[in-house]
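Here is the structure we will look at, set down as structure tokens.
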There are 2 protein chains.
Amino acid sequence: MGTAMNKATAAVKGERVAVICGVPFDIDNCPVRDVMDNIGGKWNSLMILSLADGPLRFSQLRRLIPDISQRMLTQTLRDLQRDGYLNRTVYPTQPPSVEYSLTDLGHSFLPVLKVFVDWSLENHDAIRKARTAFDAPA
Amino acid sequence: MGTAMNKATAAVKGERVAVICGVPFDIDNCPVRDVMDNIGGKWNSLMILSLADGPLRFSQLRRLIPDISQRMLTQTLRDLQRDGYLNRTVYPTQPPSVEYSLTDLGHSFLPVLKVFVDWSLENHDAIRKARTAFDAPA
DNA sequence: CTGCATCCCCGCCGATACTG
DNA sequence: CAGTATCGGCGGGGATGCAG
């Protein structure tokens, strides 16, 4: 869900806005899309949920989410920190330990995520059924 | 956010589950991830919102969301139909017209989306500020 | 322990052209 | 009007190895 755009179209169009449900959507700088980019990644929402109950260190997160690679763990954490969801605190021990915790912004997002999680759990079966029905040979 | 996995790792691992916030997350078949895949695409959520007020035809959607290509419009609509969010009704006129509308599942998702949209609008500035602060040269 | 660098595959998405 | 087909770029994300 990138906001990327080549220069040609960028030069032609100017601030196209779609008004949907009374909400103006700036196609080129859409808040919804922007947030979706942040938490739509493979591990991002899981990461925020993991820190809901308190700070965790890198290796703790690694153990909590068994299937993530170091690479993606590092990258996901950096992305979320960059967008203000996470704090990163380095303790100069030997060897060093790094603790991650939710910011106020991160905490404020938890209820949103909860609504999403609840709906997903409740409707996942229906979705899977719809999918297999659709894929069934006509 | 694909649930894809090569056979080697699939054979090795068996039903790893991470318990986060009291909710068990089946890493390999995670409802949250599955739903996120559905509506995390570039146009998907916008499409659902567009149909919130009532059914629309293909060309109407095209006009409503000016920057989408035919290809992505078709594909997005098919994906959402496949997962049960949308109905697709063909009227055998000349030339044919096709109408898209939300299913019950699609309607039930609107409140979830609204929570998400509201939060995004409210916190977009904070996120952008966090981002530029993070990107600022140390 | 925490992280970065590299290689590489694959799927999203755009642009363009063509069909009933 | 409502699609389908094809090509191609770009980025997400996994595997592996190295570093402080």
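Just so we're clear, the structure is a prediction, and the values are computed from it rather than from any experiment. So that the names make sense, note that chain A is the first sequence line, chain B the second, and so on, each numbered from 1. Values below: all heavy atoms of this structure, side chains included; hydrogens, waters and symmetry mates excluded.
- A close approach under 4.0 Å does not occur between any side-chain nitrogen or oxygen of A/Ser69 and OP1 or OP2 of D/dA15.
- With distances taken from any side-chain atom of A/Arg88 to the nucleotides C/dC13, D/dA2, C/dT2, the minimum falls on C/dT2.
- Residues of residues 93-100 of chain A that place a heavy atom closer than 4.0 Å to DNA chain D do not occur.
- Listed candidates were D/dC1, C/dT2, C/dC13. Nearest to the side chain of B/Arg71 is C/dC13.
- Comparing A/Gln75 and B/Leu77, the nucleotide of DNA chain D nearest to each residue sits closer to the 5' end for B/Leu77.
- Going from atom CG of B/Asp67 over to atom CG of B/Leu73 covers 12.5 Å, rounded to the nearest 0.5 Å.
- Computed from coordinates, the B/Ile68 CD1 to D/dA2 P distance equals 14 Å when rounded to whole Å.
- Judged by distance alone, the side chains of B/Arg71 and B/Ser69 never bring a donor and an acceptor atom under 3.5 Å apart.
- When the side-chain nitrogen and oxygen atoms of B/Thr74 are compared with OP1 and OP2 of D/dA2, none of them lie within a distance under 4.0 Å.
- Between A/Pro31 and B/Leu121, the shortest heavy-atom distance links the atoms CG-CD2, 3.8 Å.
- If you take CZ of A/Phe58 and C1' of C/dT2, they are 6 Å apart, rounded to a whole angstrom.
- When all heavy atoms are compared, the tightest approach of B/Arg33 to A/Lys42 is NH1-O, 2.7 Å.
- At whole-Å resolution of the value, CG in B/Asp79 and P in C/dC13 are 9 Å apart.
- The distance from atom CG of B/Leu61 to atom P of D/dG3 is 10 Å, rounded to the nearest whole Å.
- OP1 or OP2 of D/dA2 has at least one side-chain nitrogen or oxygen of B/Arg57 nearer than 4.0 Å.
- Distance check, rounded to the nearest 0.5 Å: OG1 of B/Thr103 to OH of B/Tyr85 gives 9.0 Å.
- The two residues A/Ile127 and B/Leu105 have their closest heavy-atom pair at CG1-CD2, 3.8 Å.
- We find that B/Lys129 and B/Asp125 are not joined by a salt bridge, their nearest charged nitrogen and carboxylate oxygen being 4.0 Å or further apart.
- Counting any heavy atom pair closer than 4.0 Å across all strands shown, A/Arg62 reaches no nucleic acid atom.
- Whole-Å rounding puts the B/Met47 CE to C/dC13 C1' distance at 13 Å.
- The nearest whole Å value for the distance from the CD atom in A/Gln60 to the P atom in C/dG3 is 13 Å.
- If you take CG of A/Leu86 and C1' of C/dT2, they are 15 Å apart, rounded to a whole angstrom.
- Nearest nucleotide to the A/Gln70 side chain, out of D/dG14, D/dG17, D/dA2: D/dG17.
- Taking atom CZ of residue A/Arg33 and atom P of nucleotide C/dC13, one finds them 9 Å apart after rounding to whole Å.
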